[in-house]
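Note on naming: letters A, B, ... go to the chains in the order of the sequence lines (proteins, then strands), and numbering restarts at 1 for each one. FYI, side chains are in, hydrogens and waters are out, and symmetry mates aren't considered; it's all heavy atoms of this structure.
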There are 2 protein chains.
Amino acid sequence: MALAGNRPHRPATIKDIARELNVSISTVSRVLRDMPDVNAETRQAVLQMAEKLDYQPNQVALSLVTKRTHTLGVIVPNLDHFFSVAVRGIDDLALEAGYTAMICQSNESYAREMVNTQRLMKSRVDGLIVSISSDTFNVDHFKRLLQKNYPIVFFDRVGSDLAATKVLLDNVAGAAMAVTHLIEQGCRRIAYLAGPANLSISQQRLIGYTDTLRKYGIPIEEELIVYSEFDRDYAYSCTLDLLSRPNRPDAIFAVSDRLAVGALLALKEKNVQVPEEVALVGFNDEPLMRLLTPAVSSVAQSAFDMGRTAAQLLIEQMSSETTLPHRTVMLKPTLIKRDSSLRKKTETT
Amino acid sequence: MALAGNRPHRPATIKDIARELNVSISTVSRVLRDMPDVNAETRQAVLQMAEKLDYQPNQVALSLVTKRTHTLGVIVPNLDHFFSVAVRGIDDLALEAGYTAMICQSNESYAREMVNTQRLMKSRVDGLIVSISSDTFNVDHFKRLLQKNYPIVFFDRVGSDLAATKVLLDNVAGAAMAVTHLIEQGCRRIAYLAGPANLSISQQRLIGYTDTLRKYGIPIEEELIVYSEFDRDYAYSCTLDLLSRPNRPDAIFAVSDRLAVGALLALKEKNVQVPEEVALVGFNDEPLMRLLTPAVSSVAQSAFDMGRTAAQLLIEQMSSETTLPHRTVMLKPTLIKRDSSLRKKTETT
DNA sequence: AACGTTACCGGCAACGTTACCGGCAGCGTT
DNA sequence: AACGCTGCCGGTAACGTTGCCGGTAACGTT
């Protein structure tokens, strides 16, 4: 009975195998799940038929009865270098643990983040890994889920007032490392390109910035702290503005590499010597940074590890019978020093 | 009956609503699907209760009966800049069309590509969008699916002998543009960093390269065509090798930007003047290229459009009753000329 | 001869949802 | 008074799979 017509593809089911072999679907199911209580010959026949019909178990039906999809939802604001690598980390651990990741991009939009969560909930993903969008000021949609004990792990961009498991960088320490380094290089008027004010990374890194200045007895000047969009062009114009002031800074610490690149473009255009006149440090250590001229210093973090541990925590939480207490894992950054902030070159040689 | 214990989260079902309201599940279903034959008051009550219980339709159950998951599987070799943007294009159209994308990375590994496809088939995704890994020499797993009329669209990296719908760049034209440009700039000994020989993009771009040389009557020298891994360090050492030869090239055309960057690093290290001694053109026009010193010329393609059209074609194919004929869509590249290949600077000013 | 054990297999409910059919009032028409 | 229509609603099978229970034949034990 060759029914391989021009039809839209009908995958073989356990029933097909049973019918073809004149056994019950229970028996087929037993074979396919490697259960006992089945004759060796029957087992063999079923396995052969499964192979022949190219049988693939229907995860959908299985999910309906087990209430587990073995899928985890991921919502990231974008897929820039950092998040791409983080997603790879998630994917990596998910594969090991037998899960598949559904990756959605919120495109930094609150509305899209909502749609994404809703879609993922409809698909009954077993848990969520989220880095919130820069446009998200209201996190009620996540709070509702958390209240129902739905497993969610936030990473990198976490809501400040969310009681949940989180994986993040020690942003205070990272900023402190950058600013300390700049001070050691002789900088005294260090500007901070802060990014969007609502994000916790901006706030945390601001704390590291101010703490360090205080520690070294350097006055904190409000006008050296510049908020902006997460956008290179924005950083570019902010930097031009900084440079046009009578009392220009002698260093710039950018909350992200994207902003650091914008700053560098402005500096180069104005023919400002880097690092002699203005030193520069970014954040994330994207591969691009070492390729720029001059190579730009940056605070490095392992996005891969962050993604992996986020997935790890989520899967632990999901496989646990009881609701586990919320945890916060903090990863340590490292500072990569490059030409853009190394004034005392004699030291290194 | 407050059963909101410390339990693993049980989403409300249509049954819960029915029980709470003492109506049948049929009626609830009718309301939720906006069907007629239901009293206005009943309708109102059901909607309120759905809201109150935070009801989300169970896509899993729905998929089981409709045999459509409204999910499309995506397999990409990695999530570098090009594929990130392509995935965004896919995601973008999928969202519009009411689909969600399941994105898997093969990590350029054949084994992982197999596992990914299998997982996606088990999850009964409605269709597949694939860019094959550089490690994949055997595409039988895709051929089997295509024979069963399972909808697959390949993009960018397509298997050469696969009868399927494809979206790709006019790679021949792209390479021809690059090489023509280099010739017009006075280059005569143009090396080609070709990447892995099994990929069709390498082959196609080779055709554009040789065709153009032939057209201008420039002899094709085998030793100027260098195959390598898709790896920056590899390109770096290949370039060093090229430079060490007695008869060094006066231009390098790289099959991808990643390789072009490797080449640039080698050129800079050897203090070779770019473009005066050796001109350089890459492929993909990653944002990084305009930030390098010198800014590197590159053949630009819209990864976003490619992703979008791939998704478009797939969804068309999936929603069609009959099996549509395979199509091949070719997108046109554009050449972005920058300092790395502009020798005749007087011309432009 | 009655009983227990073992090896093997099939039937059935359930998961959440929709499609289809049937039923019952209440009303108007002949 | 019989009929048909309309508005509203409930019951049930089906999707593919698993878990549980029950059944039967063959064999050994007392």
*Distance-only donor-acceptor check, side chains His141(A) and Glu113(A), under 3.5 Å*: yes
*Please report, rounded to the nearest Å, how far the P atom of dT18(C) is from the CD1 atom of Ile25(B).*
10 Å
*DNA chain D base-pair string [pairs: Watson-Crick or G-U under 3.5 Å; |: paired with another strand]*: ||||||||||||||||||||||||||||||
*Looking at residues at least two apart in the chain, or sitting in another chain, which of them share a side-chain hydrogen bond (donor to acceptor under 3.5 Å, both in side chains) with Asp135(A)?*
none
*Within the pair Ser26(A) and dG10(C), is there a side-chain N or O less than 4.0 Å away from OP1 or OP2?*
no
Show me the donor-acceptor pairs within less than 3.5 Å that the side chains of residues 303-311 of chain B make with the rest of the protein, sequence neighbours left out.
unit_1    : atom_1 : unit_2    : atom_2 : d
Asp305(B) : OD2    : Ser302(B) : OG     : 3.2
Arg308(B) : NH1    : Asp92(B)  : OD2    : 2.8
Arg308(B) : NH1    : Glu96(B)  : OE2    : 3.1
Thr309(B) : OG1    : Asp305(B) : O      : 2.9
Thr309(B) : OG1    : Met306(B) : O      : 3.1

_Atom-to-atom span, CZ of Arg124(A) to C1' of dC15(C) - whole angstrom_ = 12 Å
*By nearest nucleotide on DNA chain C, pick out whichever of Ser29(B) and Lys15(B) is the more 5' one.*
Lys15(B)
*Look at the side chain of Val65(A) and decide which nucleotide, out of dT17(D), dG11(C), dT17(C), has an atom nearest to it.*
dT17(D)
*Could one point to a donor on the side chain of Thr27(B) or the base of dG10(D) with an acceptor on the other under 3.5 Å away?*
no
*Distance in angstrom units between Ile17(B) CD1 and dT18(C) P, rounded*: 11 Å
*For Ser131(B), check side-chain hydrogen bond (donor to acceptor under 3.5 Å, both in side chains) against everything at least two apart and list the hits.*
none
*Remember a base hit wins even if backbone is also touched, and classify Asp37(A) as base, sugar-phosphate or nothing at under 4.0 Å, heavy atoms.*
base
*Nearest whole angstrom, please: distance from the C1' of dT18(D) to the CG of Leu64(B).*
13 Å
*How many Å lie between CD1 on Ile14(A) and C1' on dG19(D), as a whole number?*
13 Å
*For Asn58(B) and dA14(C), what is the distance between atoms CG and P respectively, to the nearest whole Å?*
18 Å
*At under 4.0 Å between heavy atoms, what does Val23(A) touch on the DNA or RNA strands: base, sugar-phosphate, or nothing?*
sugar-phosphate
_By nearest atom, which of the nucleotides dC8(C), dT17(C), dT18(D) is closest to the Ala61(B) side chain?_
dT17(C)
*asked:* Measuring to OP1 and OP2 of dC8(C), would you say a side-chain N or O of Asn39(A) lies under 4.0 angstrom away?
replied: yes
*With distance as the sole criterion, is a donor-acceptor pair present between the side chains of Ser123(A) and Arg119(A) under 3.5 Å?*
no
*Looking at residues at least two apart in the chain, or sitting in another chain, which of them share a side chain to side chain contact (heavy atoms under 4.5 Å, CB included) with Leu53(B)?*
Ala12(B), Asp16(B), Ile17(B), Met49(B)
_List the residues meeting ring pair (Phe, Tyr, Trp, His ring centres under 6.0 Å) with Phe82(A), not counting sequence neighbours, and say none if there are none._
none
*On DNA chain D, check which nucleotide each of Ser24(B) and Thr66(B) is closest to and give me the residue with the more 5' one.*
Ser24(B)
*Phosphate OP1/OP2 of dC9(C) contacted by Thr42(A) side-chain N/O (<4.0 Å)*: yes
*Do Glu108(A) and Ser133(A) have side-chain N/O donor and acceptor atoms under 3.5 Å apart?*
no
_Distance check needed: dG11(C) C1' versus Arg30(A) CZ, whole Å only._
11 Å
*Send over the distance from Lys67(A) NZ to dT17(D) C1', rounded to a whole Å.*
14 Å
*Measure from the side-chain heavy atoms of Thr13(B) and tell me the nearest of dT17(C), dC9(D), dC15(D).*
dT17(C)
